[in-house]
Number of protein chains: 2
Amino acid sequence: MNTDFLCGTALFNGIKKEEINGLLKCLNAFTKKYGKGEYICRCGDTAENIGLVLSGAVIIKNDDFWGNQSVLAHIAAGQVFAESYALIKNQPLLVDAVAASKTEVLFINGGKINSPCGNLCPCHKKITDNLLRISALKNVRLSRRILYTSSKTIRGRLMSFLSDEAREQGSRKITIPFDRQQLADYLNVERSALCAQLSKMQKDGILEYHKNSFMLKTQ
Amino acid sequence: MNTDFLCGTALFNGIKKEEINGLLKCLNAFTKKYGKGEYICRCGDTAENIGLVLSGAVIIKNDDFWGNQSVLAHIAAGQVFAESYALIKNQPLLVDAVAASKTEVLFINGGKINSPCGNLCPCHKKITDNLLRISALKNVRLSRRILYTSSKTIRGRLMSFLSDEAREQGSRKITIPFDRQQLADYLNVERSALCAQLSKMQKDGILEYHKNSFMLKTQ
DNA sequence: CAAAATATGTTGTTAAAACAACAAAACGGA
DNA sequence: TCCGTTTTGTTGTTTTAACAACATATTTTG
C-alpha cells in the first residue's frame, strides 16, 4: 500500500505513515480493481464501505425509471465516495458508482468507523474528524450550488453566484475559476444563453467583465 | 437546562440525561435568546459555534450584492444550524441566520468537538458520531435535490424525483409527502406549470395519479 | 350540511431560455 | 507570424416555463 499517497488524502490527513497499516487493518480495509465501465456499486445496494479512489476515477450516476441517465459527480484519485451512505444505516444507494477508467479503490468499513477497535486509538479519532470535515465541506458546497440555481432566470443565478464570489474574495473585482462552459454547467444553463445574459448585464451597467474577471457595480 | 428535550435531539441522541450537564460544560455550551427578526449570525462571520434551536425557529437566508434576498432553510426546534461552518476552520459564513420568532439557541463550540476534553470521554465521541450522521444525511438530501433539479424541463425533474421515490418505496405505485405547491417549490418550478405537466404526462401514458398517489408506467 | 377556505387543474399570453448556426476573438504551437 | 484550435459572443427560431386568471375539486369547520 502506498502510504505516502494515503497520507496526502483528506481522509488520512494528519495520520503518520507508520500508523497507516495498523489503522487499515483495524478498519477492515481492502482494495479492489475495476476495468473501465465496470460497476463499483449499484443503486439499491446498502453501501457498507467508504470508497477512496487510489488510481483512475469514478463516476457517480443515476438512471431514472424510464432509463434517462445523468452524471452527478466525477471522483478523482485521492477523493472519497459513498461516504454519506456508508455512515448512515438503512439508507440504500440512490446512485451508481462506475469506474471511468482502469481504477483501484480502497474500501473502508463505515460501521468500523463508528464503533472503533475497543481501545479508542487516537488515529481512529482522526479519521472520524477528517470525515466530519470532508462531509461538512461537501455540505457547504452543495448548499451553495442549490442557492445559485434557485433563481429561475440566468441573471438571477449569475447575481447570486457572483455576489458570493465577491464576498469570498473580499472585493467587488473578482476572478472566477470557471470558463463559460463550466460556469454554464455549474449553474445549469446553456452556455450561449449565459454569454448573452452576461453581455446584457454589462449593457445594463450592473457589471463589467473580461474573460473570467468580473467587476460588480452598484448601479 | 431541559435535558429531556436535548436527549431527544439528533445531536444528543444516545446520551444519558445525567451526562448532559457535564458534557455541556466541557463543550463550552451557552444559551442566548433572540427576538423575532434578530440576527443570530451574519454573512461574513466566522462561525465558531454550532447552533441548536431550543425553542422558536431560525431562518437561514442570503442577500446578494444587489440586495435580492432568498431563504435557504427553516430550522425548527431540536435541529442544528451553522454546523458545517463551525466544523471547518477559515470558512466564513455565506448566509445569515435570523430568528423567525422569539427563539432560544444553544451554542456549542465547534473547536471543542474536534479537540476534546483531554480524557476522550465516550459521550464526547457520541456527539461527533451524531454530527457525522447529521452531516451525512444532510448531504444525501442536498445531493438528491440537486439531482432532481438538474433537468431543464419540468417533466425531467418529475421523472427523476418520482423514480427515486419509487425506488425508495420499492414499488411503482407511490405516495409522495408533498402537496403540489410544496413539490413545485422543491423542484424549483411553478405550481400551475407543474400541474399542467403532470396532466400531460398522464395523457402521454407514462404515469397515472390522483392527489399525491402516483403510478409509474413503463410505456 | 352548507359555506368558506384551500388545493388542484386548465388555458391563453408573455417572457425567457434552449437550441442551432455562425462570427469573432484568444490561444498555442509549428 | 500564420494556421488550426478552442473559447467566447451574437443572433434568429423554437420550445418551454412563468405568469395570470379562472374553473373545478376537495377539505375544513361553524
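What you see is a predicted model; the values in this text were computed from it and never measured. In what follows, chains are A, B, ... by sequence order, proteins preceding strands, each numbered from 1.
- Closest approach of B/Cys7 to B/Lys16, counting heavy atoms only: SG-C, 4.1 Å.
- Note that the OG1 atom of A/Thr103 and the CD1 atom of A/Ile40 stand 6.0 Å from one another [nearest 0.5 Å].
- Under the 3.5 Å distance criterion, with hydrogens and angles disregarded, a donor-acceptor pair is assigned to the side chains of B/Asn139 and A/Ser135.
- In terms of position on DNA chain D, the residue among A/Lys152 and A/Leu198 whose nearest nucleotide sits closer to the 5' end is A/Leu198.
- For the 3.5 Å distance criterion, the side chains of A/Tyr148 and A/Asp164 qualify, holding a donor opposite an acceptor.
- Atom-to-atom distance recorded for A/Arg133:CZ and A/Asn13:CG is 6.5 Å, nearest 0.5 angstrom.
- In terms of position on DNA chain C, the residue among B/Asn212 and A/Thr153 whose nearest nucleotide sits closer to the 5' end is B/Asn212.
- Each ring pair (Phe, Tyr, Trp, His ring centres under 6.0 Å) pair with one or both residues in residues 29-48 of chain A, not counting sequence neighbours, appears once here: A/Phe30-A/Phe107.
- Residues from residues 177-196 of chain B placing a heavy atom under 4.0 Å of any atom in DNA chain D, listed by number, are B/Asn188, B/Val189, B/Glu190, B/Ser192, B/Ala193.
- Summarising the geometry of A/Tyr85 relative to A/Gln91, their closest heavy-atom pair is CD2-O, 3.5 Å, with the distance given to 0.1 Å.
- Taking atom CE of residue B/Met201 and atom P of nucleotide C/dG9, one finds them 13 Å apart after rounding to whole Å.
- Across its full length, the helix from C/dC1-D/dG30 to C/dA30-D/dT1 shows an angle of 50° between the axes of its 5 terminal pairs at either end, rounded to 10 degrees.
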